[in-house]
Structures are given as C-alpha cells and as structure tokens.
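So the structure is just underneath, and the comments pick up after that.
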Amino acid sequence: MLRLLALASLLALSACSIAPFQKGKPAAASSAPDPGAHRTGEGPVLKTPTEEIFKPEAETVIETPPPVVELPRERPSRPPATLAPASRALVAQAEAQRRKGDLPGASVSLDRALRIEPNNPLLWIETGRLRMDQRNYSQAENMGRKALSMSVGDDATQSAAWELIGQSLKARGRNAEAEEAFGKARAAAPR
C-alpha cells in the first residue's frame with residue numbers, strides 16, 4: 001500500500017516539473033516573414049528544410065540464385081513398426097473377441113491399446129480392420145490414412161495401410177480409387 005502511495009505521489013510531482021507547451025511565435029523568430037515558414041494563426045512554427053537533404057547513392061545489388069539443394073532420391077527407410085508387449089496382448093484379446101463376434105468388446109480392447117501407443121500405425125490399421133467388420137467403411141479409410149501418415153519410410157506398414165484403404169473404397173463401390181490404392185499397396189510392399 002505504501003509503495004502504491006509513493007508511486008502515485010512521484011508521478012504527480014514529476015508532472016509538475018515538465019514545462020507546459022507555449023503557443024505563439026518562437027523567441028528567435030525575426031519580424032520579416034520567412035517564405036519557408038507556415039503560419040496560420042497562433043501555434044507552433046514549422047519550417048521546411050531549405051538545405052538539400054543527403055541522399056545516398058543506390059547500391060548495386062547483385063542477386064545470386066539460391067543454392068541448389070538436392071533432394072534424396074529415395075525416401076528414408078525405417079524398421080518395421082512393432083507393438084509393445086501390453087499392446088500386443090490387447091490386440092490378441094481384440095482378435096479373439098472379433099472371432100467370437102464381440103465387436104464392441106474388441107473395439108474397447110483396441111481403444112485401450114491406442115491409449116498406450118497412440119502413435120503406432122499398426123494399432124490404427126487393426127482398428128480400421130475392426131471398423132470394416134462393423135461396416136463403417138469411411139472410418140476404416142480414415143484409420144488407414146492415419147496409419148499411412150505415421151508410417152513414412154516403413155514399407156510393410158504403408159502397404160498394409162494402402163490395402164485397408166483399398167478395401168474400404170471397394171466396399172463403398174469406389175472401384176477405380178480402390179484399384180489405385182491396391183496398386184500403391186503393391187508398390188509399397190517390401191521386396
């Protein structure tokens with residue numbers, strides 16, 4: 001509280017120390033009118049500069065082309081994606097539930113595995129296959145595309161993701177797009 005009061009009084013005193021703006025003619029101005037001066041009634045006197053302003057010469061700029069960066073000819077390869085032991089157990093449990101026809105239970109198991117490893121493309125592919133069994137083809141395609149984006153450089157996983165995308169497109173009657181996806185799956189398949 002004392003600091004605030006001290007700050008307020010300091011500001012009030014500092015405002016009193018500034019000289020106020022004075023209107024009228026400047027003290028050094030002559031009585032003869034200056035052609036460069038602008039006068040309209042009372043107020044500050046502005047003068048236009050009479051001497052030539054220094055202008056530097058324009059520099060010659062030589063533009064060089066940007067350096068050529070060579071792009072890699074092949075995309076980087078990564079080792080195939082694998083599942084952690086806990087995720088592997090949950091995927092095995094989901095697979096058993098799927099075989100028994102318990103699709104909601106399989107979905108819960110895969111969701112638990114995705115909470116453990118959300119960036120594992122294999123789990124997204126498995127979830128997409130489950131969505132195919134549930135006849136939710138557009139979600140299956142989305143799962144495949146998500147797995148595809150996570151598996152750059154992993155040819156085996158990319159091939160499986162394209163296969164899932166192709167199956168979901170074919171199930172919806174989009175055969176031309178499905179064939180294109182199957183072709184990409186064959187091209188990405190490891191040799």
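Between W162 and R145 the shortest side-chain heavy-atom distance falls below 4.5 Å. Two residues are said to be in side-chain contact when any heavy atoms from C-beta on lie closer than 4.5 Å; Q167 and F182 meet this criterion. Side-chain contact between L110 and V91 is present, with heavy atoms from C-beta onward closer than 4.5 Å.
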Worksheet item: Yes or no on side-chain contact (heavy atoms from CB on, under 4.5 Å) for W124 and L114, after CA distance, side-chain angles and deciding distance?
Response: CA-CA 8 Å; W124 289 103; L114 279 170; 3.6 Å; yes
Practice prompt. Applying side-chain contact (heavy atoms from CB on, under 4.5 Å), run through S159 and E163 and close with a yes or a no.
Written response: CA-CA 6 Å; S159 178; E163 188 72 28; 5.7 Å; no
Item to complete: Report the C-alpha separation of M132 and L164 in whole Å, then their side-chain angles, then the decisive distance to 0.1 Å, and conclude whether the side-chain contact (heavy atoms from CB on, under 4.5 Å) test is met.
Response: CA-CA 9 Å; M132 288 292 293; L164 174 63; 3.8 Å; yes
Worksheet item: Can you list the steps and then say if R98 with E126 is a salt bridge (charged side-chain N to carboxylate O under 4.0 Å, His left out)?
Response: CA-CA 11 Å; R98 232 166 98 186; E126 283 301 316; 3.8 Å; yes
Discussion item. Does R131 form a side-chain contact (heavy atoms from CB on, under 4.5 Å) with T127? I'd like the steps, not just the answer.
Written reply: CA-CA 6 Å; R131 297 296 180 258; T127 305; 4.0 Å; yes
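Under the 4.0 Å criterion applied to side-chain N and carboxylate O atoms, R129 and E95 are not assigned as salt-bridge partners.
The structure places CZ of R115 at 12.0 Å from CG of L123, a figure rounded to the nearest 0.5 Å. Note: L148 CG to M143 CE = 14.5 Å, rounded to the nearest 0.5 Å. The structure places CD1 of I165 at 11.0 Å from CZ of R174, a figure rounded to the nearest 0.5 Å.
There is a path of hydrophobic side-chain contacts, each under 4.5 Å, that joins L130 to L83.
Under the rule for a side chain to side chain contact (heavy atoms under 4.5 Å, CB included), the partners of A81 that lie at least two apart in sequence or sit in another chain are N120, P121, L122, D154, T157.
Across all their heavy atoms, A94 and S109 have their closest contact at CB-CB, 3.8 Å. Across every non-hydrogen atom of A140 and S168, the tightest pair is CB-CB, 4.2 Å. When all heavy atoms of A181 and L169 are compared, the closest pair comes out as CB-CD1, 4.4 Å.
Without hydrogens or angle criteria, E117 side chain to A84 main chain gives a donor-acceptor distance under 3.5 Å. A donor-acceptor pair under 3.5 Å is absent between the side-chain atoms of S107 and the main chain of L103, judged by distance alone.
For R112, the CZ atom counts as loosely surrounded, since its 6.0 Å shell holds 12 or fewer non-hydrogen atoms of other residues, nucleotides or ligands.
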